[in-house]
Amino acid sequence: MSKADNLNAQLAIPAIVAPMFLVSGVELVTACSQNGLLGTFPTLNARTADALDAWLGEIGERLDGKPYGANLIVHKSNPRLQEDLALVVKHKVPLVITSLGAVPDLIDAVHSYGGMVLHDVIGIRHAQKAIEAGADGLIAVAAGAGGHAGTFSPFALTSEIREFFAGPMALSGCISHGRHVLAARAMGADFGYIGSHFIAAEESMAPAEQKQMMIESTAKDIVYTDKVTGVAANFMRASLEASSLPDGAHGEMALSDEAKAWKTIWSAGHGVGATHAVRPAAAICRELIEQYEKALEELTS
Ligand SMILES: Cc1cc2nc3c(=O)[nH]c(=O)nc-3n(C[C@H](O)[C@H](O)[C@H](O)COP(=O)(O)O)c2cc1C
C-alpha cells in the first residue's frame with residue numbers, strides 16, 4: 001500500500017485540515033484527527049522549540065497512532081527550521097507539509113522514519129522542482145484559497161500536475177463542504193485540503209472577533225492583495241479596513257514582521273460564506289463526512 005493509500009485508509013473521508021498560522025494548535029489538530037479527518041499545524045504556532053516538543057508529545061499521546069501532520073516553513077527567514085525538523089523526526093510526525101522550499105536533506109530526514117512529505121505549490125515550476133527534490137506529493141493551492149492563495153483555476157492546476165505526476169496530490173481552495181472533497185477526488189486529487197472552514201471551530205486559536213468576522217463574511221468580502229506582507233494572500237476586507245496598512249509594503253518581509261501583520265489582518269479564503277457559527281471541530285468534521293457520503297450516494301445511485 002502506498003503512503004497516501006495508507007493515510008487515506010485511516011480517515012473517514014479523504015480530507016486534510018490545513019495548517020493555519022495563529023489558528024491551529026494541539027486542540028484543533030487532535031479534534032480533527034480524532035474525528036475522521038487529518039489535522040495539521042504550522043510548527044511556528046508553538047512559540048518555542050521546547051513548546052513544540054511538548055505539543056508533539058501531547059498530540060502523539062492523544063492520537064495514539066492516528067495520523068496528523070506538521071507544517072515547516074522552509075525559508076532562510078525561519079531561524080527555527082533545523083530545530084523544528086529535529087523534533088518532527090524525534091516524534092516521527094506522519095505527514096510533513098513543506099511551504100516555500102523543497103529541500104532534499106529535509107525530505108530525506110522525514111523519509112528516515114517513514115514519514116510522508118507533501119509540498120504546497122501554486123504553480124507548475126515549483127511542483128516539478130518539489131518532485132525532483134524527492135517530495136512524496138503535492139498540495140495544489142488554487143485560486144480562492146485562504147493564506148497565500150494561487151491564481152489558477154483548480155481545474156487547470158490539477159490537470160497540469162497530473163500530466164507529469166501520478167503520486168499523492170491534495171487540492172486546496174475554498175473547500176468547505178463534503179461535496180467539495182468529493183469534487184477534488186473527481187478532479188484527480190487524492191485529498192481535499194481544508195483551511196478556512198475550521199477557523200471558527202471552538203478549538204481554533206483565532207480570537208473571538210476573527211471567528212465572528214468569518215461568520216459575517218462571504219466571498220465578496222475577501223481581498224487578494226500583496227500590500228500586507230509583500231506576498232499576495234487572501235484577507236477579510238473588514239480586518240484590512242480596521243488596520244492601518246503600511247503603504248504598499250512590497251518586497252520580502254522578515255518572518256517576525258509577517259507574524260505581526262497576520263495578528264490583526266485576518267486571512268480567509270473564498271469559502272468563508274460556509275461559516276455560520278462557532279462550533280466544535282467534531283461537529284464540523286461530522287457534517288463534512290455526512291455531506292461527502294450523501295454526495296457520493298447521489299452521484300452513484
Ligand atoms: C489564517 C490562515 C493561516 C494560514 N497559515 C498557513 C501556514 O502557516 N502554513 C501554510 O502552509 N499554509 C497556511 N495557510 C494556508 C492553508 O494551509 C491552506 O492552504 C488554505 O487555507 C486552503 O484554502 P481554504 O482556506 O480556502 O480552505 C493559512 C491559511 C489561513 C486562512
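All ligand and atom numbering here is 1-based and tracks the order in the structure. All heavy atoms count here, side chains included; hydrogens, waters and symmetry mates do not. Numbering starts at 1 and runs along the sequence shown.
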If you draw a 6.0 Å radius around [atom1] in [X], do more than 12 non-hydrogen atoms from other residues or ligands fall strictly inside?
X: F155; atom1: CZ; value: no
X: K211; atom1: NZ; value: yes
X: F165; atom1: CZ; value: yes

On a heavy-atom basis, which atom in [X] and which in [Y] lie closest, and how many Å separate them?
X: P19; Y: I97; value: CD-CD1, 3.9 Å
X: G192; Y: A184; value: CA-CB, 4.2 Å
X: C174; Y: G144; value: SG-O, 3.4 Å

Q: Using side chain to side chain contact (heavy atoms under 4.5 Å, CB included) as the criterion, point out the one residue from I139, D190, L7, T40 that pairs with I16.
A: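 Filter result, single survivor: T40.
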**Q.** Side-chain heavy-atom pair W262, I265 within 4.5 angstrom cut-off
**A.**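 Side chain of W262 against side chain of I265, heavy atoms only: no contact under 4.5 Å found.
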Counting heavy atoms only, which of [options] comes nearest to [atom]?
atom: atom 9 (N) of ligand 1; options: N71, I97, L72; answer: N71
atom: atom 1 (C) of ligand 1; options: G192, A149, S267; answer: S267
atom: atom 15 (C) of ligand 1; options: G146, S24, G195; answer: G146

By number and element, which atoms of ligand 1 are closer than 4.0 Å to a non-hydrogen atom of [X]?
X: S99; answer: 10 (C), 11 (O)
X: M20; answer: 2 (C), 3 (C), 4 (C), 5 (N), 6 (C), 28 (C), 29 (C), 30 (C), 31 (C)
X: C174; answer: 24 (P), 26 (O)
X: D120; answer: 11 (O)
X: A18; answer: 16 (C), 17 (O), 18 (C)
X: S172; answer: 19 (O), 22 (C)

Q: Look at ligand 1 and say whether W266 reaches it with a heavy atom at a distance under 4.0 Å.
A: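 The answer is no: ligand 1 sits nowhere under 4.0 Å from a heavy atom of W266.
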Q. Starting from atom 3 (C) of ligand 1, which protein heavy atom do you reach first, and at what distance in Å?
A.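 Looking at atom 3 (C) of ligand 1, the protein heavy atom closest to it is F21 N, 3.3 Å.
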Q. Among all protein non-hydrogen atoms, which one is nearest to atom 19 (O) of ligand 1, and what is the separation to 0.1 Å?
A.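 Going by distance alone, atom 19 (O) of ligand 1 is nearest to Y193 CE2, 3.5 Å.
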Q. Are K294 and E287 ion-paired here, with the side-chain N under 4.0 Å from a carboxylate O?
A.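 Salt bridge: no.
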Q.
Heavy atoms only, cut-off 4.0 Å: how does S196 contact ligand 1, side chain, backbone, both, or neither?
A.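 The part of S196 near ligand 1 is both the backbone and the side chain.
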Q. What orientation do F41 and W55 show, parallel under 30°, tilted 30 to 60°, or perpendicular over 60°?
A.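 Judged by the thresholds at 30° and 60°, the geometry between F41 and W55 is tilted.
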Q) So is there a nitrogen or oxygen of P19 less than 3.5 Å from a nitrogen or oxygen in ligand 1? A)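 Yes; at least one N/O pair falls below 3.5 Å.
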(Q) Pairs of nitrogen or oxygen atoms closer than 3.5 Å, one from P42 and one from ligand 1: do any exist? (A)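 By distance alone, the answer is no.
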